[in-house]
Chemist: 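One structure is given below, represented as structure tokens, and several questions about it will come after.
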Protein chains: 2
Amino acid sequence: MKKYIPVLKRTKLFSGVGEEDIASLLSCLGARKKECKKGEYILREGEHISDIFILVEGKIHIQKDDYWGNRSILSVISVGEMFGEGYAAPESGALLNDVVAVEDSSVIFFDVKRILTTCSSACRFHNMIVQNMFFAISDKNRKLVQKLGHMSGRTTRAKLISYLSEVAKRQGSSAFTVPFNRQQLADYLCVDRSAMSNELCKMRDEGMIKFEKSRFELL
Amino acid sequence: MKKYIPVLKRTKLFSGVGEEDIASLLSCLGARKKECKKGEYILREGEHISDIFILVEGKIHIQKDDYWGNRSILSVISVGEMFGEGYAAPESGALLNDVVAVEDSSVIFFDVKRILTTCSSACRFHNMIVQNMFFAISDKNRKLVQKLGHMSGRTTRAKLISYLSEVAKRQGSSAFTVPFNRQQLADYLCVDRSAMSNELCKMRDEGMIKFEKSRFELL
DNA sequence: TCTTTTCCGTTGTAAAAACAACCGACTTAT
DNA sequence: ATAAGTCGGTTGTTTTTACAACGGAAAAGA
């Protein structure tokens, strides 16, 4: 597990904790490691977990198969990212997704209760981890809510308006740059790229917006 | 603040804590109260907050106005529910939504850092609150991810398949009852009710599903 | 420089969704 | 018992979207 400490140091969860302290934290938390070959399942739908997982090597997909067998990829997890945090609560029920390695991968995981119930003074940085974890989930939460807000519009235009308005607000200006190219923006908003491109141009022709590449201006 | 203790006792955040202990927790957390008349803003877009809010009386809307002034309601908060948890992290930036009372309302709120940084032994149930809060956010997180999964399908049918498959999984049977009527389900999936009704009937005619009222069966 | 790839706007067509309007079955209130 | 309201299925029309295919500009690479 030691060799992954430099990776962990750069994660949100362990940010602000020195390498020596991470080592002692890992044992304090009862952290375990699991290695998976490409194609293997790390977690399966139906399992019950109460752990937080951190990917320290490789790449994994969180995916689900519907009743008729159609598969869809819900998210792609890269090194340093956390997953499983939605199932931390005792009443969260069985896992509804599969987690599968798309490259040879290693994950480090530990039981959430181990963090929450152990007295904070047990080890020096325990409290810091609680904070980090909390802020990480809180942050994820906000992003999910915002995305859901954009996607709740029924038309592509409504989704674009919602998204562009938010970026403008966040950047505090009616002229701003979005962190996506067209394809990525379309994927984020769950619409077809060419249809979105088309809609953007209509909005431009109607005098609502101006844009060039990833730079937009609301009028 | 005392009169709201029975309400708080029934919230997720204070579940498992006795009424006497809630009183001491509130002062330990530095909880404050804010009362708003119908129509007043509890929080405005652009504010910076690091508090968790609990609605103890009335009803409020979380809403946003886009750049061109179109208003949309993101969620309706009822008594006992928590909000603001997405902005707990220090780097979460300015609030992107407005929070407005649609009835005369009262909220109780306290700084998250007060929970996370104070030593757990400061008061008896402090640690319990940390757990409750964590599980509440974790739970919200899972629900958001699931909903996003359903909404990422491009067609109404895809959304329905995703949703129905999940409920079937969760209830562990291909026959199950959904907790929505048609209008509510359509609202949840962000589609038109009649179009959804239509699609459900097509799926039935194609032999994919059977249903009656809120009871469904996948075939 | 020449080739290849990426990005993105454009077009046309077929499919799908929204929207509005209506109806019958059923429930609830007066 | 009657009236009013809710719920959900159905239909037709209009708008919107997905999808596929193409082409030009710019960037990346050989």
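Hydrogens, waters and symmetry mates play no part in the numbers below; they use all other heavy atoms, side chains included. Lettering follows sequence order; numbering is per chain, from 1.
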Chemist: Please determine whether a side-chain nitrogen or oxygen atom of A:T155 lies at a distance below 4.0 Å from atom OP1 or OP2 of D:dT16.
Modeler: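 For D:dT16, OP1/OP2 do not have a side-chain N/O of A:T155 under 4.0 Å.
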Chemist: Side chain of A:D192, heavy atoms from C-beta onward: which of D:dC19, C:dG9, C:dC19 has the nearest atom to it?
Modeler: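 The listed nucleotide nearest to A:D192's side chain is D:dC19.
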Chemist: Tell me: CG of B:L185 to C1' of D:dG9, nearest whole Å?
Modeler: 15 Å
Chemist: Can you list the steps and then say if B:K64 with A:S162 is a side-chain contact (heavy atoms from CB on, under 4.5 Å)?
Modeler: CA-CA 9 Å; B:K64 66 175 175 181; A:S162 174; 2.7 Å; yes
Chemist: Any ion pair linking A:R157 and A:E206 (charged N to carboxylate O, less than 4.0 Å)?
Modeler: yes
Chemist: What nucleic acid atoms does A:F180 come within less than 4.0 Å of, heavy atoms only: base, sugar-phosphate, or nothing?
Modeler: nothing
Chemist: B:Q184 CD to D:dT6 P: how many Å, rounded?
Modeler: 13 Å
Chemist: If the cut-off is 4.0 Å, is B:R154 near the phosphate of D:dC19, judged by side-chain N/O to OP1 or OP2?
Modeler: yes
Chemist: Look at B:R204 and D:dT10 and indicate whether a side-chain polar atom (N or O) is within less than 4.0 Å of OP1 or OP2.
Modeler: yes
Chemist: To the nearest angstrom, how far is A:M196 atom CE from C:dC7 atom P?
Modeler: 13 Å
Chemist: Looking at the side chain of B:T156, which of C:dA18, C:dC19, D:dT17 is the nearest nucleotide?
Modeler: C:dA18
Chemist: Could you check whether B:S197 gets within reach of a base, just the sugar-phosphate, or nothing at all, counting any heavy atom under 4.0 Å?
Modeler: base
Chemist: Taking the six-membered ring of A:Y87 (Phe, Tyr or Trp), confirm whether the NZ or CZ of B:R142 is under 6.0 Å from its centre and within 45° of its axis.
Modeler: yes
Chemist: With respect to the phosphate group of D:dG9, does any side-chain polar atom (N or O) of B:R182 fall under 4.0 Å of OP1 or OP2?
Modeler: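 Yes, within the criterion.
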Chemist: According to a strict under-4.0 Å criterion, is A:R157 in side-chain N/O contact with OP1 or OP2 of D:dT15?
Modeler: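 So the side-chain polar atoms of A:R157 never come under 4.0 Å of the phosphate oxygens OP1 or OP2 of D:dT15.
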Chemist: In whole angstroms, how far is the C1' atom of C:dC19 from the CZ atom of B:R193?
Modeler: 11 Å
Chemist: Using a 4.0 Å heavy-atom cut-off, does A:N181 contact any base of the nucleic acid, only the sugar-phosphate backbone, or nothing at all?
Modeler: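 Sugar-phosphate contact only - A:N181 comes under 4.0 Å of backbone atoms but never of a base.
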Chemist: Could you tell me, to 10°, how much the axis swings from one end of the helix from C:dT1-D:dA30 to C:dT30-D:dA1 to the other, five pairs per end?
Modeler: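 The helix from C:dT1-D:dA30 to C:dT30-D:dA1 shows an end-to-end axis angle of 50°.
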Chemist: Send over the distance from B:M203 CE to D:dG9 P, rounded to a whole Å.
Modeler: 13 Å
Chemist: In this structure, how many angstroms lie between the P atom of C:dA17 and the CG atom of B:N198, rounded?
Modeler: 9 Å
